[in-house]
Amino acid sequence: MKIGVFDSGVGGTSVLKEILKNFPNEDIIYFGDNLHAPYGDREIDEIKKLCLKVSDFLVYEKNVDVLVIACNTATAVGKDEMEKRYSIPVIGVVESGVKDAIYATKNNKIAILATSATVKMGIYENEILNKNNACKIRQIEAPLLVGIIENGWKEITENMLILEYYLNKIPNSFDTLVLGCTHYPLIRKSIEKLFKGNIVDPAFETVNSLKKILKSSDKKNGKIEFYVSGDVEKFKKVAENFLKMKIENIKNIFLK
Ligand code: DGL
């Protein structure tokens, strides 16, 4: 099996990390569309066009057997269309985040930290309320975080003040926070310093969805190929630091 994984940039490595832990023998192709990150500040139609270009590349040119949308924004905007378009399974991250959030909360008060586009789509709110309409949801858009994380997050005062500004919007009674953007697990340690409740990272449950699809294979040592549309060095530095592995041969590719 060849697993296609993509994000607007380096955020999807939070999902990739879990996939690698669970499926070390599968071949994986990761695409980071970092020329166009952040997706979350763009118009919905534009995001749709961008993420379909990437998914078409993975499905039609790289012939992946399963597509993992390792991006909440692209899941919110493009998953339905991708499911119609391709005959392979398409896995998004939002359903997993919803499931884990409902499981984690003890008082049904769930905050969602996400990009502006994900908040605008209201996908977490709608899906959580569909499953449990007793829940109270507070969506918080955090437009500045993705850019900082793409450039390499450092725990300096300026960054912590920005993070604090967003997290202060969570009312004290809310016991659960969903990291509704795959970039945020890269700064989880900083988030944990400021939010003391349950933190939900949809990546874990996403891998469980993948387990239902992937058949066990006999092959050993899968290989990973990385593609980015923008700055290779920037991606490499942040991804290596987070994944704790050396990444050779990241290819830069411009999708027409
Ligand atoms: N990592 C993405 C997400 O999960 C996209 C962030 C962005 O490009 O704005 O939403």
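Whatever order the structure lists ligands and atoms in, that order sets their numbers, starting from 1.
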Going by atom types only, do N22 and K211 share a side-chain donor-acceptor pair under 3.5 Å?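 Side-chain D/A pair, N22 to K211: present.
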Assess the side chains of K234 and N151: does a donor N or O sit below 3.5 Å from an acceptor N or O?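 On atom types as modelled, these side chains qualify, holding a pair under 3.5 Å.
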Test of understanding: given a 4.0 Å heavy-atom threshold, classify the contact between T115 and ligand 1 as side chain, backbone, both, or neither.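 It is the side chain that gets close, since no backbone atom is under 4.0 Å.
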For the backbone of I247 and the side chain of K236, can you confirm whether one donor and one acceptor N or O come within less than 3.5 Å of each other?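 Confirmed, K236 side chain pairs with I247 backbone.
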Check for a donor-acceptor pair, side chain of N198 on one end and backbone N or O of A104 on the other, with a separation under 3.5 Å.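 The answer is yes, because a donor-acceptor pair under 3.5 Å joins these two groups.
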Salt bridge flag under 4.0 Å for residues R188 and E192: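 Here R188 pairs with E192 in a salt bridge, since their nearest N and O are under 4.0 Å apart.
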Is any NZ, NE, NH1 or NH2 atom of the basic residue among K189 and E155 found under 4.0 Å from an Asp or Glu carboxylate oxygen of the other?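 No salt bridge links K189 with E155.
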Identity and separation of the nearest protein heavy atom to [atom]:
{"atom": "atom 9 (O) of ligand 1", "result": "G40 N, 2.7 Å"}
{"atom": "atom 7 (C) of ligand 1", "result": "Y39 N, 3.3 Å"}
{"atom": "atom 3 (C) of ligand 1", "result": "N72 N, 3.3 Å"}
{"atom": "atom 10 (O) of ligand 1", "result": "T73 OG1, 2.6 Å"}

Which atoms of ligand 1 have any heavy atom of [X] under 4.0 Å away?
{"X": "S8", "result": "5 (C), 6 (C), 7 (C), 8 (O)"}
{"X": "C181", "result": "1 (N), 2 (C), 3 (C), 4 (O), 6 (C), 10 (O)"}
{"X": "D7", "result": "1 (N), 2 (C), 5 (C)"}

Evaluating non-hydrogen atoms only, which member of V146, V10, V77 is closest to atom 6 (C) of ligand 1?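 Residue with the shortest heavy-atom distance to the ligand atom: V146.
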Do I148 and L167 share a hydrophobic cluster (ILVMFWY, side-chain heavy atoms under 4.5 Å, transitive)?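 In one cluster with I148: L167, yes.
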Nitrogen or oxygen atoms of T118 and ligand 1 under 3.5 Å apart: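 Such a contact does not occur with ligand 1.
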